[in-house]
2 protein chains.
Amino acid sequence: MADGRSTDGRVADVEPVRRAATLKDVARLAGVDASTVSRVLRADPSQGVRDATRERILDAARVLNYRANAVAQSLRTRRTDTFAVIVPTLDNPGFVEVIRGIQAEAAAAGKLVLLVEADVIASGDLSLARREELFARLVLDGRADALIAAFATLEDRLVARLSDRGVPLVLVNRRQPGIPGSVAVDDAHAAQLAVRHLLDLGHTRIGFVGFGDRTDTARRREQGYRDAMASAQLAVDARWTVSRDPSRQGGLEATAEILSAAPPDAVPTAIFCVSLLSAIGALAALREHGVAVPRQMSVVAFNDHEIANDTAPPLTTVRLPNLEMGREAMRMAMRAADGLSVAQTIVEGPIELVPRASTAAPASG
Amino acid sequence: MADGRSTDGRVADVEPVRRAATLKDVARLAGVDASTVSRVLRADPSQGVRDATRERILDAARVLNYRANAVAQSLRTRRTDTFAVIVPTLDNPGFVEVIRGIQAEAAAAGKLVLLVEADVIASGDLSLARREELFARLVLDGRADALIAAFATLEDRLVARLSDRGVPLVLVNRRQPGIPGSVAVDDAHAAQLAVRHLLDLGHTRIGFVGFGDRTDTARRREQGYRDAMASAQLAVDARWTVSRDPSRQGGLEATAEILSAAPPDAVPTAIFCVSLLSAIGALAALREHGVAVPRQMSVVAFNDHEIANDTAPPLTTVRLPNLEMGREAMRMAMRAADGLSVAQTIVEGPIELVPRASTAAPASG
DNA sequence: ACGTTGAGTACGACGGCGGTT
DNA sequence: GAACCGCCGTCGTACTCAACG
């Protein structure tokens, strides 16, 4: 019992848990008004305060270990200095890099990040309305100053509704008509880079493992693939192009489908996978089917990561400026929160092929 | 120009952006007092409200699209329903699983998660004081109800100071004297499982790639290794035990050191790596040095992940209940936020060896 | 009339208390 | 005399305005 910090007194343990000091407490101790304390502590430049007064206040604040209550500040200023970020999953290394860029920029600006991993939330049978409700809580209820929606998880309708309700919103690697703020890379160009690498090696039958056409990211990547094929005057066999989740499992299934669907002489000699994880799944499928990589089949992945060095064989990839995309998204979100206008942006920063051991010239014959 | 929210003048754009409706607005529309609205909207059971009144209020709220302002609520109730989570890095798949568990539990309870990735913050030369300041902002300023510190990033001193300042705190996979709340797994047992697998295969010279002794997690894992060796009456050569960052790079360096430090006849025939990433680095080092896995060297990793199927060769691992650890951490954090007592907990849930291709009997001779 | 400072109120919701029916 | 419901103070800070010297 008489454990500790009870401010004395015989017993009468008034104040069991010492309340944090407030502006008023500091004011009382310094012998000034709370508003003066506020001015000093915020270093409000528009207001002069006598040095002696300032000193007294600073001392008092130090003595009381004063910390401004962020919630009260937010209520008053209508800013939380917090930004909500929605990603589909943290399993995908690409998202992790984006988040890292977001956090770096946030930390530099003294902002905090509220993270929501959509696939965790979505497990369970949440209806659209219910999910919208969840996301709405983030910004509409005043918990965050803006929302960064990374990638393609959210339905267009949901995004549009949030935007309509006045939520400052930045889309990452995704665009949508009517939504002004977005940060993306040149997906089509990146995809072309990958496919051209295969073309340069001499491949003519190149398969495609995508993730559908519901998002413009996916569409742009597929378009890049098709354009590269077209400009090499090569046909695209529908049996070579399959869409699945951008996960290991998805890539595995898609690749198995490609292998089984086409007659042996029409099987592609290379596959372009539109996500790193699906490429890893493709390698697994090829292994299961006894197809040697790269001798019998080359594989290129979209999105680089350290782990690409450690797969069997190491994966040739296209590296994207994910970190920079995250940084730019955060900067844009801060502007959006300030009511400034935002635009659809393509991130500069290098997009480059990282050649490793999963690609080679096709077996002759 | 006449674009929007210019505060100015002539045009007299009263209410350029429509303000969100407040309790008072709803009250006015429904013809009741704000407090009654509050009661109805919170479905306060201790207070009766006539059905007709309730209906009117509900209608009014619907019409105005009313949403309670979370900041104002927090100020009044002193709860933010937000929990801060600190992880060292999202690169480590183990942390990701923990976070997923945290988020799942949080979502189920209607809580939000503020995520801080410490290595992002720490880049740059932040002093201890400055980092503490950053973490303090999370809870001390009232932005979060409790803090979940996942794993071993934070210095003991920092943790102790936060705890002393009254921050409800839960440590994940880490304990510290004086800090009541923690969630961990039986690391020593898990490590023994790994080492015993190697012993069972016939290995007697087993190396250890750890990550130092600054955290009790690391110490417990090393202890498990040493205990397993001791109970098999095997010696541990100091040249076989190396500590580095639990990253790919760290594992790579540590393994290279083990390979070069010992005379050829004293090199271990197996290595136990205390993190998944360092095991992946170990594989890379062994590849560089031309050591065949598992023929010449077996490797076991601590912490399982899907990617262990895709390394060359696939990694034998010990799977831990990371998800459950995250869930329990979140539940404990909620209790801590309520001022309830918390304890040092060992998570139930299976710890099991996942045998893959990176382990085999040592080469005879 | 100038630099300093205090008083007062708004931010939006909660909740105790007391007054009506 | 319960059942309903309104009044008002409170949470902690920011900021306008006026008053002080």
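What you see is a predicted model, and the numbers here were worked out from it, not measured in a lab. Throughout, protein chains are lettered first and strands after them, A, B, ... in sequence-line order, and every chain is numbered starting at 1.
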Picking from D:dC5, D:dA14, C:dA13, the nucleotide nearest the side-chain atoms of A:Arg42 would be D:dA14
Please evaluate the base of D:dG6 for a donor-acceptor partner in the side chain of B:Arg39 within a cut-off of under 3.5 Å? yes
Hey, does the side chain of A:Thr77 come within less than 4.0 Å of D:dA14's phosphate (OP1/OP2), counting only N and O?
-> no
inquiry  = Categorize B:Arg79 for me: base, sugar-phosphate, or nothing, with a 4.0 angstrom heavy-atom threshold over every strand shown.
reply    = nothing
*Short side-chain N/O contact from A:Arg50 to OP1 or OP2 of C:dT5, under 4.0 Å*: yes
note: B:Tyr66, atom OH; C:dG12, atom C1'; distance rounded to Å ~ 7 Å
Whichever of B:Asp33 and B:Leu75 has the more 5' nearest nucleotide on DNA chain D, that residue is B:Asp33
Students often get this wrong, so: under 4.0 angstrom with heavy atoms, is B:Val71 touching a base, only sugar-phosphate, or nothing? nothing
By the 4.0 Å heavy-atom rule, please label A:Thr53 as base, sugar-phosphate, or nothing. sugar-phosphate
Walking DNA chain C from its 5' end, the first of B:Asn69 and A:Thr36 to be reached, judged by nearest nucleotide, is A:Thr36
Quiz prompt | Sub-4.5 Å side-chain heavy-atom contact between A:Leu90 and A:Ile99 | solution = yes
Hey, are the side chains of B:Thr89 and A:Arg100 touching, using non-hydrogen atoms and a 4.5 Å cut-off? yes
*Would you please say whether a donor-acceptor pair under 3.5 Å links the side chains of B:Ser38 and B:Arg42?*
yes
### Message
Over all strands shown, is A:Ala68 touching base, sugar-phosphate only, or nothing at heavy-atom distances under 4.0 angstrom?
### Response
sugar-phosphate
Counting distance alone, no hydrogens or angles: does the base of D:dC5 have a donor or acceptor under 3.5 Å from a partner atom on the side chain of B:Ser35? no
A:Asp44 CG to D:dA14 P, in whole Å, measures 10 Å
>> Please check this pair: side chain of A:Thr36 against backbone of A:Val32, looking for a donor-acceptor N/O pair closer than 3.5 Å.
In response: no
